[in-house]
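Step one of this worksheet: look at the structure below.
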Amino acid sequence: MIKKRFIIKPWLIVGMLLVIPTSLFTAIELLKLNDQEEVIESIYTKQLESVLYSINQYSDDIANNWINILYKDIHPADYESTLEQPLNNFPQLESFILHPLDSVSLNLDDFRISNDTLRQEIISQLQTNSNEIAQLKRYMKSGYRKIIGIDLEYRQHLSMLVFVSEQENHYYLNILLVNAQRFISEALSPRLQMVAGDDLIIVVRHSKTNELIASSLLNEAPDEVIKEQAIWLLPDYKLGILPVGISIEQLARDRARQNIGLLILVDLLLIAGAWLFYRNVKRELHLAKVKSDFVSNVSHEIRTPLALISMYAETLQLGRLKDESKRLKYYDIIYRETQRLSGIVNNILNFSRIESGRQKLSFGQVALNEVVDEVLTNYHYHFNEKGCKVTQNLSPELEPIKADKQAITECLINLVDNGIKYSGDIKELTISTGRKGKYQFIEVKDKGIGISPKEQKYIFDKFYRVTKGALAHHAKGSGLGLSIVMHLVKGHNGQIELESEEHAGSSFRILFPINNQTTKA
Ligand code: ADP
């Protein structure tokens with residue numbers, strides 16, 4: 001006998017090992033959806049920042065390149081005071097100013113250039129940034145040339161690039177006057193387009209006026225950007241970037257949602273798989289239980305008639321029975337028990353033939369009333385012994401139909417047998433025949449224990465037995481009878497109708513087509 005707890009276990013195993021952890025994981029992931037979006041967003045923002053960084057780096061490279069070219073021609077050591085030199089070969093640069101920077105503090109007394117207003121502004125800006133300039137000098141002493149950008153108000157888009165240089169232990173303040181607009185649109189713009197490609201839009205605007213200076217889309221530019229960064233060398237100008245078509249939040253949300261969607265799909269597949277697994281295991285366990293019950297039920301059913309036969313045969317064999325009527329009664333009992341045994345064996349043989357597909361029906365002309373008559377005559381003694389009252393209600397106008405007489409007899413025996421077996425105190429059977437549409441039928445009606453609607457769905461399954469209720473529990477059987485009936489009726493293209501009410505009785509009706517074309521089961 002298989003213990004019940006093994007049947008419950010698959011639920012627990014499948015639930016604990018697969019479904020619960022994955023569902024929990026999905027729930028946690030769903031809760032973390034916002035965090036994930038933020039993480040993806042911050043990664044993406046960092047990527048945009050690094051694109052801007054690379055553009056800034058590039059503008060630094062351009063400036064350094066200019067300085068290297070300039071220094072090929074200039075020898076600042078020859079100049080003791082300010083040198084001002086126009087730069088006609090560099091379209092984006094206006095002039096180059098060099099001023100000695102040897103004293104500890106910034107000394108701009110003899111800082112002289114041609115335009116006095118410009119001079120005033122440059123001096124004022126240099127003094128404001130004197131700390132940075134001191135820092136530039138320290139950098140230079142350590143061998144690093146850093147350039148800083150300072151915007152000038154003297155003229156729109158005029159900026160100065162400031163750095164310190166060293167020549168034979170003398171330090172010089174270097175100023176490059178640059179036309180910021182030209183620098184951005186001529187020198188930086190091609191780079192913007194290259195870096196932006198098809199996925200990004202990069203724009204440069206003036207920070208204060210918001211004037212568009214350059215765009216990777218040439219003359220077009222979006223109003224809003226995702227990330228902004230000032231140009232290192234031109235602090236009054238800012239680089240802005242945004243992805244084409246889709247917003248970064250949207251992108252992050254789509255990514256996160258896609259992942260969660262996949263996870264849920266995997267979960268669903270897993271749950272479906274787990275459910276199928278559970279169902280299969282449950283079915284297998286149920287079958288194993290039912291088969292083992294079957295063996296014990298059948299052996300029990302066989303043992304009882306065998307014990308009776310051997311007991312009465314032994315008594316007769318001893319020859320002590322003088323009373324002739326008693327002897328006849330014993331013979332009769334032996335005969336009936338043998339009949340009962342052969343009924344059981346017949347069912348098992350039928351079942352095994354059905355299972356192996358060897359069951360063949362042999363069709364001939366069959367009168368249903370005749371089948372009923374024969375079975376009732378054969379069972380007459382049985383009914384008397386069980387105290388069962390049988391009423392016949394046979395329709396007189398039934399023509400013979402094409403059917404297998406033996407198969408219909410087996411069906412009827414099984415139904416009658418059940419009718420008696422599952423009747424309590426009121427043992428009354430009504431056996432009717434009749435016609436219904438294209439069918440002729442035999443109906444066996446009892447006033448027995450009835451069958452609950454739930455059980456009605458299963459009683460035609462092989463091995464299925466109802467074990468609830470005292471009578472059903474004690475009645476003997478193999479659970480094969482109705483499954484054989486169902487199979488044989490189907491072999492005739494027939495139908496079974498069942499009406500039953502608990503504690504009131506049942507009516508089984510087997511219907512056979514009048515014009516049957518079927519030739520085998
Ligand atoms: P068995 O009678 O050997 O158990 P069956 O396949 O003939 O197997 O019947 C299956 C189940 O259907 C029975 O165990 C019984 O519970 C129920 N059943 C069959 N016929 C009747 C009936 N006439 N009244 C009540 N229950 C019935």
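Numbering of ligands and ligand atoms starts at 1, following listing order.
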> With a 6.0 Å cut-off on ring centres, are F463 and F351 close enough?
Replying inline: yes
> Quick one: which of F463, Y458, Y422, F460 has a heavy atom closest to atom 18 (N) of ligand 1?
Replying inline: Y422
> Mind checking whether W232 and Y53 have ring centres under 6.0 Å apart?
Replying inline: yes
> Does an N or O from G479, backbone or side chain, lie closer than 3.5 Å to an N or O of ligand 1?
Replying inline: yes
>> If the contact criterion is a heavy-atom separation under 4.0 Å, does G448 count as touching ligand 1?
In response: no
> Would you say Y464 and ligand 1 have an N/O pair spaced under 3.5 Å apart?
Replying inline: no
> Taking 4.0 angstrom as the limit, do R327 and E324 come out as a salt bridge?
Replying inline: yes
> If you count the non-hydrogen atoms of other residues, nucleotides and ligands that lie under 6.0 Å from NZ in K238, is the total more than 12?
Replying inline: yes
>> In this structure, does ligand 1 have an atom that sits under 4.0 Å from one of the heavy atoms of N414?
In response: no
> Counting from 1, what ligand 1 atoms have a heavy atom of G481 closer than 4.0 Å?
Replying inline: 5 (P), 6 (O), 7 (O)
> F508 heavy atoms, cut-off 4.0 Å: which ligand 1 atoms fall inside?
Replying inline: 20 (N), 21 (C), 22 (C), 23 (N)
>> Checking contacts here: is it the side chain or the backbone of D446 that comes within 4.0 Å of ligand 1, counting heavy atoms only? Could be both or neither.
In response: side chain
> By number and element, which atoms of ligand 1 are closer than 4.0 Å to a non-hydrogen atom of S478?
Replying inline: 3 (O)
> In terms of ring plane angle, is the pair F508 and F460 parallel, tilted or perpendicular, where the classes change at 30° and 60°?
Replying inline: perpendicular
> Nearest non-hydrogen atom to atom 11 (C) of ligand 1 belongs to which of I420, D417, N347, I459?
Replying inline: I459
> What part of L482, side chain from CB on, backbone N/CA/C/O, both or neither, has a heavy atom under 4.0 Å from ligand 1?
Replying inline: both
> More than 12 heavy atoms of other residues, nucleotides or ligands under 6.0 Å from CD1 of I426: is that the case?
Replying inline: no
> For ligand 1, is there an N or O atom under 3.5 Å from any N or O atom of R465?
Replying inline: yes
> If you measure every N/O of V466 against every N/O of ligand 1, is any gap under 3.5 Å?
Replying inline: yes
> What pair of heavy atoms forms the shortest contact from R435 to G437, and how long is it?
Replying inline: NE-O, 3.6 Å
> Hey, does R336 have a side-chain heavy atom less than 4.5 Å from the side chain of I333?
Replying inline: yes
> For ligand 1, does K421 get within less than 4.0 Å through its side chain, its backbone, both, or neither, judged by non-hydrogen atoms?
Replying inline: side chain
> Which pairs count as side chain to side chain donor-acceptor pair (under 3.5 Å) when at least one residue sits in residues 500-509, sequence neighbours excluded?
Replying inline: E443-R509, S500-S506
